[in-house]
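The block underneath contains the structure these notes are about, expressed in structure tokens.
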2 protein chains.
Amino acid sequence: MVTARPLRRDAQRNRELLVAAARALFAERGIDVPLEEIARRAGVSIGTLYNRFPHRAALIDAVFADRVTATAALAEHALAMDDPWEGFVFFLERVCELQATDRGYNDLAARRIPEATATEEARRHGERLMRRIVARAQEAGALRADLTLEDLAFVFWGQARTVEATREIAPDAWRRHLALMLDGLRASAAHPLPEPPLRPEEAMQAMGGCRD
Amino acid sequence: MVTARPLRRDAQRNRELLVAAARALFAERGIDVPLEEIARRAGVSIGTLYNRFPHRAALIDAVFADRVTATAALAEHALAMDDPWEGFVFFLERVCELQATDRGYNDLAARRIPEATATEEARRHGERLMRRIVARAQEAGALRADLTLEDLAFVFWGQARTVEATREIAPDAWRRHLALMLDGLRASAAHPLPEPPLRPEEAMQAMGGCRD
DNA sequence: CTAGAACTTGAGGGCACCCTCAGGTTAGCG
DNA sequence: CGCTAACCTGAGGGTGCCCTCAAGTTCTAG
């Protein structure tokens with residue numbers, strides 16, 4: 001897989017130009033930016049883009065796989081922190097920061113792209129770590145005991161919209177939203193919840209089936 | 001304005017068919033449903049649709065103005081409730097219920113359509129009432145004192161996404177999300193917030209500038 | 001019943017994006 | 001240097017939605 005028959009040098013170069021262009025445009029305008037624009041920004045024809053990346057998901061994979069990996073690193077760091085609650089908060093804040101900085105990342109935080117296999121694989125790894133962050137904060141009695149990993153999807157969905165809406169007007173407004181949400185996640189704030197949590201597969205489907 | 005030169009009878013009938021079709025389709029598929037489809041469902045040509053409603057916003061106005069008014073009625077009811085906190089919760093729950101039921105309403109909860117003047121006017125009225133709901137719950141010491149009306153936009157934005165994502169998989173999941181959020185809004189849960197609230201105009205702009 | 005204003009119709013031009021493929025270009029091996 | 005496979009190109013066909021307008025139809029006042 002690492003050595004998948006080397007590209008000719010010009011092709012390799014074009015590939016890199018495309019990934020760079022995509023990275024920039026995804027960050028600026030989100031994951032749905034027209035492919036033609038990516039090609040133009042890379043200084044390459046649309047045909048070449050399709051030669052290198054048969055579909056948008058392949059391009060997303062090339063751009064984001066590492067970033068989702070970086071998120072996993074954040075999770076590791078959170079787990080290494082002394083205070084479990086602070087680790088939990090640290091992680092959420094950092095992820096939301098990425099959501100606020102990079103429009104493409106924000107899109108990916110709220111919806112899955114099943115065809116982007118590398119990205120999805122990295123996401124799964126991140127999820128395993130997050131599960132541990134949650135469990136650890138709960139064992140310490142800081143995070144409410146009835147919270148599941150799937151509930152965090154609510155946090156990211158909410159942040160996704162808030163970040164999008166306020167990006168231009170008040171780029172840090174999301175911190176306030178997150179803080180309000182966090183106050184609801186503390187064990188000390190917990191009141192009984194009216195609905196059972198999403199099952200993991202349900203949460204998966206929910207992220208996949210999100211249009212717009 | 002009430003008597004704006006009566007339409008010919010057939011035109012009036014077509015208008016009603018169009019509004020009914022739009023109401024149904026907005027509810028099913030959201031506010032961005034193709035106009036051609038609305039015309040088809042109404043059994044009328046696309047040209048007729050444009051005769052009656054020069055732009056989508058006019059149609060939105062015709063469909064939603066009353067529903068936003070109904071939301072104001074919810075607010076009045078909330079204000080009439082004995083317990084201010086319960087009034088607050090009642091209001092949020094009902095609005096979120098509407099968001100969950102009607103995809104078009106959900107869209108409107110998260111973004112303004114400045115050209116839809118009647119709808120916007122009704123929204124402003126609802127806002128005045130909501131401000132009172134918030135103030136009353138704060139005075140009773142139940143709602144955190146640092147919360148502003150604009151902060152509720154975060155709630156609605158978040159719910160908008162959650163409702164959209166979970167509608168098919170778990171239609172009541174939003175209740176859990178809302179409950180978590182509510183636990184963060186209680187006075188007893190309050191920790192200092194890291195950011196100042198949005199100013200009212202900022203919140204307005206934020207809802208207007210939301211693409212997707 | 002008739003005239004003419006009001007209304008309806010749907011084909012069609014515009015636009016933005018998708019993706020393909022025939023024909024021209026280039027890298028790099030021998 | 002020459003040859004071939006790999007690569008690039010961009011015009012163009014497909015789709016879906018927007019909105020307009022010239023030509024026909026229908027209502028209604030007189």
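Naming convention: chains lettered A, B, ... in sequence-line order (proteins, then strands); numbering from 1 in each chain.
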In whole angstrom, what separates A:Leu59's CG from C:dC18's P?
11 Å

CG on A:Leu49 to CG on A:Leu59, rounded to 0.5 Å:
6.0 Å

Rounded to whole Å, CG of B:Leu18 lies from C1' of C:dC7 at a distance of 13 Å

Let me spell it out: for each of B:Ile46 and B:Asp10, pick the nucleotide of DNA chain D with the closest heavy atom. Which residue's pick is nearer the 5' end?
B:Ile46

Between P on C:dC15 and CD on A:Glu36, what's the gap in Å once rounded to a whole number?
15 Å

Once you apply a heavy-atom cut-off of 4.0 Å, does A:Arg52 come out as touching a base, just sugar-phosphate, or nothing?
sugar-phosphate

Fit a plane to each ring of B:Phe26 and B:Phe64, take the angle between them on a 0 to 90° scale, and name the class: parallel (under 30°), tilted (30 to 60°) or perpendicular (over 60°).
parallel

Distance, nearest 0.5 Å, that separates CE of B:Met130 from CD of B:Glu127:
6.5 Å

Report yes if a side-chain nitrogen or oxygen of B:Thr48 is closer than 4.0 Å to either non-bridging phosphate oxygen (OP1 or OP2) of C:dT9; otherwise report no.
yes

Any salt bridge between B:Arg103 and B:Glu164, counting N to O under 4.0 Å?
yes

Considering every strand and a 4.0 Å limit on heavy-atom distances, what is the contact class for B:Arg56: base, sugar-phosphate, or nothing?
sugar-phosphate

Distance, rounded to the nearest Å, where A:His55 contributes NE2 and C:dC17 contributes C1':
18 Å

Could you give the CZ-to-P distance, from A:Arg40 to C:dA16, as a whole number of Å?
11 Å

Decide whether A:Gln12 and A:Glu16 meet the rule of one side-chain donor and one side-chain acceptor closer than 3.5 Å.
yes

What is the separation between atom CZ on B:Arg15 and atom P on C:dT8, rounded to the nearest whole Å?
12 Å

At under 4.0 Å between heavy atoms, what does A:Asn51 touch on the DNA or RNA strands: base, sugar-phosphate, or nothing?
base

Answer yes or no: is there an ion pair linking A:Arg111 with A:Asp32, defined by an N-O contact shorter than 4.0 Å?
yes

Rounded to the Å, how far apart are A:Leu7 CG and C:dG28 P?
11 Å

Shoot me the first and last contacting nucleotide of DNA chain D against chain A, ordered 5' to 3', at under 4.0 angstrom to non-hydrogen atoms.
D:dA5 to D:dA11

Integer-rounded Å distance: C:dG28 P and A:Arg13 CZ:
13 Å

Heavy atoms under 4.0 Å, any strand shown: does A:Arg8 hit a base, just sugar-phosphate, or nothing?
base

Would you call the rings of A:His177 and B:Phe154 parallel, tilted or perpendicular if under 30° counts as parallel and over 60° as perpendicular?
parallel

Looking at the base of C:dC17, is there any donor atom on it, or on the side chain of A:Glu37, that sits under 3.5 Å from an acceptor on the other one?
no

